[in-house]
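Below, read A as the first sequence line, B as the second, and so on, with proteins coming before strands; counting in each chain starts at 1.
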Number of protein chains: 2
Amino acid sequence: MKDVAARAGVGLKTVSRVVNGEPGVTQETERRVREAIEALGFRRNDSARILRKGRTATVGLVLEDLADPFYAPLSGAVEDVARAHGSLLIHGSSGEDPAREEELVLALCARRVDGLVVVPASSDHRYLEPELAAGVAAVFVDRPPGRISADTVLSDNYGGARGAVEHLVGYGHRRIGFIGDHPGIHTAAERLRGYRDAMADAGLAVAAPWTSLGSTEPARVAAECVRMTSGPEPVTALFTGNNRVTVTAVRTLAAGGRAAALVGFDDFEMADLLSPGITVVAQDPAELGRRAAARLFQRLDGAAGDPERLVLPTRLVARGSGERPPAV
Amino acid sequence: MKDVAARAGVGLKTVSRVVNGEPGVTQETERRVREAIEALGFRRNDSARILRKGRTATVGLVLEDLADPFYAPLSGAVEDVARAHGSLLIHGSSGEDPAREEELVLALCARRVDGLVVVPASSDHRYLEPELAAGVAAVFVDRPPGRISADTVLSDNYGGARGAVEHLVGYGHRRIGFIGDHPGIHTAAERLRGYRDAMADAGLAVAAPWTSLGSTEPARVAAECVRMTSGPEPVTALFTGNNRVTVTAVRTLAAGGRAAALVGFDDFEMADLLSPGITVVAQDPAELGRRAAARLFQRLDGAAGDPERLVLPTRLVARGSGERPPAV
DNA sequence: TAGGGGCTAGACAACGTTGTCACGGTACGG
DNA sequence: CCGTACCGTGACAACGTTGTCTAGCCCCTA
């Protein structure tokens with residue numbers, strides 16, 4: 001910038017004015033400055049600008065895995081909202097590791113992002129307290145924060161799970177299995193609760209072998225599928241706790257020629273083209289992202305008030321697999 | 001940091017030393033400093049650090065749409081490599097708009113990212129010349145840069161397309177249609193070229209109504225599907241130019257009960273579970289991202305030499321739909 | 001005991017920008 | 001014709017950190 005000023009024969013501040021489109025510069029002066037900028041290939045250094053101004057026009061997003069088809073639209077929605085507010089998005093994947101989440105979040109804070117959207121992997125976010133006190137805004141999405149209070153946007157996991165199980169019960173199923181993610185994950189725990197309550201309300205006992213929470217690794221899920229649909233009293237229906245589990249379950253049932261009805265949490269592409277179509281509890285991940293980002297920018301624009309918790313409804317999409325077992 | 005220094009009764013530089021784990025600080029002094037840091041909730045301001053050091057430990061990624069199932073794994077792979085090199089990833093979606101691409105890339109450069117991985121939407125990247133001259137590294141992936149020379153990682157779009165068409169020809173198809181993305185997009189153009197050459201090599205004429213390049217909007221693609229499979233001389237097979245087109249084609253053929261064999265470019269989840277399974281030309285998007293990011297960090301680590309172009313092979317995954325028409 | 005070497009610690013400048021303020025010149029009104 | 005207001009412009013400090021350089025201390029040795 002110094003060089004540009006020298007070449008154009010003007011002061012430093014005048015270059016700054018031109019670069020930022022501030023008023024108070026003659027057309028002629030502006031022309032000379034722009035010429036010098038062009039000639040020298042000058043680009044403003046935003047690090048210095050940020051240092052001076054305090055605001056970075058950047059928001060951070062931390063989620064579990066960007067490549068997961070559930071999170072990709074969420075991430076895209078956050079980006080759209082950020083762009084509409086003139087902000088860039090810095091992104092990191094925690095891989096469901098609390099330590100990595102904290103590391104990432106603090107790295108983003110050190111970069112002085114204006115705000116954060118977090119899909120938490122950790123269950124204790126007190127490490128964020130100094131940041132929040134320092135004025136960083138944070139919105140949690142998909143799962144609530146742990147041991148601090150902050151704006152949160154969730155899906156109705158409990159209600160969605162209840163609806164799924166009620167759907168299966170409605171088709172006469174009595175032995176219904178549930179395969180879900182690690183119980184430490186809020187969504188998994190809520191879906192389990194919904195499953196249990198729906199079963200209880202229907203007057204059905206839940207045998208211990210019918211619930212299995214843990215890794216969503218295909219190998220584990222496939223083994224559980226096989227186990228639950230075998231033996232003297234196999235389940236006649238499965239409720240799968242998220243898109244990864246559902247996909248593996250469909251594949252396993254198809255490969256083994258096993259007959260079990262199926263309802264999955266999370267919609268997925270092509271679910272309608274299998275035969276029968278896979279019945280799912282659909283969330284709207286893009287809407288989750290949009291709402292969370294919108295809330296974040298409200299806070300950044302100065303919205304005060306207590307943290308809000310927003311719960312978005314889910315939608316049961318019946319396609320047939322809740323009735324007849326999927327076969328391929 | 002000033003406050004921390006004051007509270008600990010030490011100099012500014014000593015705090016800096018502690019924060020960065022530099023040697024030359026007594027245990028006792030370090031303890032006092034850490035205590036002050038804790039008490040004040042101090043976090044280093046990376047903007048200032050970046051300003052001072054010149055390196056940001058951040059790389060930028062610009063692609064078309066983060067939510068696209070093809071780009072999500074690519075993005076994830078770039079992030080993994082970046083993390084392995086201690087860098088953060090800043091990310092932006094161009095939405096296939098050249099102006100937006102330029103805007104994003106320059107915004108990232110203004111943030112002084114160390115390097116860029118770009119899936120270009122533009123066909124003219126001369127705007128990057130000043131940045132490259134200033135030492136920013138850039139690697140292009142999935143599509144080559146326009147009017148500048150830079151490291152590039154591509155899939156073998158031409159060869160993959162040839163293979164797809166040869167596969168269809170091998171099953172006796174003579175009237176084969178191609179529905180692809182906008183011809184201005186490198187991958188679409190290459191796949192078209194592969195289609196044409198394979199048809200020519202098989203001694204087959206390509207009637208004008210059999211090729212359709214343009215938006216991948218479901219409405220357009222569905223209409224083209226219907227058109228090509230109708231009339232007095234309908235195609236007996238379709239080659240679809242990317243995952244979005246393929247999905248719409250499968251859906252349209254199924255909904256209309258239309259019989260046409262199908263090979264799609266890009267693999268997608270569940271392709272194996274439809275009946276018949278959808279035959280695809282599979283790319284490895286994660287590998288594209290990994291290779292591009294690896295190349296970027298080689299450059300950042302000082303690798304000299306001319307730009308390299310790396311072309312990754314594709315793989316034909318035959319699942320049946322190249323032979324019999326998909327039906328649902 | 002004096003001198004030298006090694007080690008800890010602090011003062012200071014610099015990174016590149018922007019906000020504040022002051023300056024000189026011009027136009028306009030009294 | 002003088003005073004005032006306003007406009008374009010530049011000098012300067014400040015943002016928070018790190019690299020360099022130097023000062024002071026302690027301990028060891030001659």
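Phe297(B) pairs by the ring pair (Phe, Tyr, Trp, His ring centres under 6.0 Å) definition with His85(B), not counting sequence neighbours. For Phe140(B), the ring pair (Phe, Tyr, Trp, His ring centres under 6.0 Å) partners two or more places apart in sequence, or in a different chain, are His125(B).
Taking a 4.0 Å limit (strictly below) on heavy-atom distances, residues 23-39 of chain B reaches DNA chain C at Gly24(B), Val25(B), Thr26(B), Thr29(B). DNA chain C lies under 4.0 Å from at least one heavy atom of each of the following residues of residues 1-17 of chain B: Gly9(B), Val10(B), Gly11(B), Lys13(B), Thr14(B), Arg17(B). For the segment residues 103-113 of chain B, the set of residues with a heavy atom within less than 4.0 Å of an atom of DNA chain D is empty.
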For Arg295(A) and Leu310(A), run side-chain contact (heavy atoms from CB on, under 4.5 Å): C-alpha distance rounded to whole Å, both residues' side-chain angles, the deciding distance at 0.1 Å, then the answer. CA-CA 10 Å; Arg295(A) 187 77 195 127; Leu310(A) 183 62; over 6 Å; no
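How far NZ of Lys2(B) is from CG of Leu40(B): 13.0 Å, rounded to the nearest 0.5 Å. Annotation: the span from Glu101(B) atom CD to Leu63(B) atom CG amounts to 10.5 Å, rounded to 0.5 Å.
First and last contacts of DNA chain D with chain A, using any nucleotide atom under 4.0 Å from a protein heavy atom and ordered 5' to 3', fall at dG8(D) to dG16(D).
Around atom CD of Gln27(A), no more than 12 heavy atoms belonging to other residues, nucleotides or ligands sit under 6.0 Å away.
Closest non-hydrogen pair, Asp181(A) versus Ala188(A), comes out as O-CB, 3.5 Å.
Although no hydrogens or angles enter the test, the distance criterion places no donor-acceptor pair under 3.5 Å between the side chain of Glu131(A) and the main chain of Cys109(A). For the pair Thr152(B) (side chain) and Ala150(B) (backbone), a donor-acceptor distance under 3.5 Å is present.
A 4.5 Å side-chain heavy-atom check between Phe70(B) and Leu288(B) finds at least one atom pair inside the cut-off.
Here Glu35(B) pairs with Arg31(B) in a salt bridge; the nearest charged N to carboxylate O distance falls below 4.0 Å.
Note on Asp46(A): nothing from the nucleic acid sits closer than 4.0 angstrom, heavy atoms only.
Residues Thr56(A) and Asp114(A) have side chains that bring a donor and an acceptor to within less than 3.5 angstrom of each other.
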